[in-house]
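Worksheet: one structure, shown below.
Proteins get letters first, then strands, A, B, ... in listed order; numbering begins at 1 in each.
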Amino acid sequence: MNYWLMKSEPDVFSIDDLKTKTTSWDGVRNYQARNHMKNMKQGDLVFFYHSSCKNIGIAGIAKVITEAYPDHTSWEPSNHYFDPKSTPDNPKWFMVDLEFVRKFPKIISLSSLKESPELKDMPLLKKGNRLSVMPVSEIEWQVINRKQSHTI
DNA sequence: GCCAACGTTGGC
DNA sequence: GCCAACGTTGGC
């Protein structure tokens with residue numbers, strides 16, 4: 001099993017929204033992020049990160065419930081994420097389905113993540129990094145979960 | 001709202 | 001294949 005981190009703007013889709021319904025993670029239009037999704041397996045766990053908002057940080061945990069499959073929004077001309085280079089016969093973009101696992105009682109803030117030397121290699125914490133889907137090592141997963149349990 | 005950092009596009 | 005211009009991301 002592998003671990004991941006995925007960013008979402010809570011004003012658009014938050015951990016509370018995920019709690020009410022499983023979701024298809026469509027609209028990813030970045031090659032690196034797409035390739036990470038293609039490497040996801042059923043049962044992988046995901047830190048759900050809230051970006052571009054008041055309370056930035058990891059809000060909870062989600063689970064991957066499907067492997068990557070073609071993102072149909074990419075060939076719908078009316079869709080905001082339409083890409084003329086992607087077709088049903090030759091899809092260019094992919095998505096996975098996620099379900100809610102847990103919401104942390106308190107968001108693990110970005111600033112508190114930056115305080116842990118064990119996490120300094122996470123792409124998330126690198127200056128200027130904009131990757132929206134990234135792998136998390138087992139060590140990083142454990143360190144962050146430990147951080148979370150201490151805040152209860 | 002600002003702006004630095006990044007990925008993508010397209011002219012050459 | 002280079003690189004300037006552009007659009008987007010995302011913390012502050």
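Ring geometry for A:Phe48 against A:Phe13 counts as tilted: the plane angle lies between 30° and 60°, on a 0 to 90° scale. Between A:Tyr31 and A:Trp93, the ring-plane angle classifies as tilted under the 30° and 60° cut-offs.
Look at CH2 on A:Trp93: it is 13 Å from P on B:dG7, rounded to the nearest Å. Computed from coordinates, the A:Asn129 CG to C:dG10 P distance equals 8 Å when rounded to whole Å. Atoms NZ (A:Lys92) and C1' (B:dT9) sit 11 Å apart, rounded to a whole Å. Note: CG (A:Asn30) to P (B:dA5) measures 19 Å, nearest angstrom. The distance between atom CD1 of A:Ile107 and atom C1' of C:dG11, rounded to the nearest whole Å, is 15 Å. Separating the NZ atom of A:Lys126 from the P atom of B:dC6 is a distance of 11 Å, rounded to the nearest angstrom. Regarding A:Arg130, its CZ atom lies at a distance of 5 Å from the C1' atom of C:dT8, rounded to whole Å. Atom-to-atom, NZ of A:Lys127 to P of B:dC6 comes out at 8 Å; the value is rounded to the nearest Å.
Under the 3.5 Å distance criterion, with hydrogens and angles disregarded, a donor-acceptor pair is assigned to the side chains of A:Arg29 and A:Thr73.
Each of C:dG11, B:dT9, B:dT8 was ranked by its minimum atom distance to the side chain of A:Lys85; first place goes to B:dT9. Considering only side-chain atoms of A:Tyr31, the nucleotide from B:dT8, C:dG11, B:dG7 that sits closest is B:dT8.
Contact check of residues 7-19 of chain A against DNA chain C (heavy atom, cut-off under 4.0 Å) returns A:Lys7. Annotation: proximity of residues 46-53 of chain A to DNA chain C (heavy atom, distance under 4.0 Å) is found for A:Tyr49, A:Ser51, A:Ser52, numbered in ascending order.
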Legend entry - Worked check of side chain to side chain contact (heavy atoms under 4.5 Å, CB included) between A:Thr22 and A:Asp97: CA-CA 7 Å; A:Thr22 65; A:Asp97 289 356; 5.8 Å; no
Inset, instruction - Start with the C-alpha distance between A:Ile56 and A:Tyr49, add both sets of side-chain angles, then the distance that settles side chain to side chain contact (heavy atoms under 4.5 Å, CB included), and finish with yes or no. - result: CA-CA 8 Å; A:Ile56 298 165; A:Tyr49 180 88; 3.1 Å; yes
Inset, instruction - Test A:Met40 against A:Met6 for side chain to side chain contact (heavy atoms under 4.5 Å, CB included), laying out the working first. - result: CA-CA 12 Å; A:Met40 290 181 180; A:Met6 296 170 90; 3.8 Å; yes
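In the displayed structure, A:Leu125 atom CG is contacted under 6.0 Å by more than 12 heavy atoms of other residues, nucleotides or ligands.
Look at A:Lys114 and you'll find a side-chain N or O under 4.0 angstrom from OP1 or OP2 of C:dC12.
How far CD of A:Glu140 is from CG of A:Asn145: 12.0 Å, rounded to the nearest 0.5 Å.
Aromatic ring centres of A:Trp75 and A:Tyr81: separated by at least 6.0 Å.
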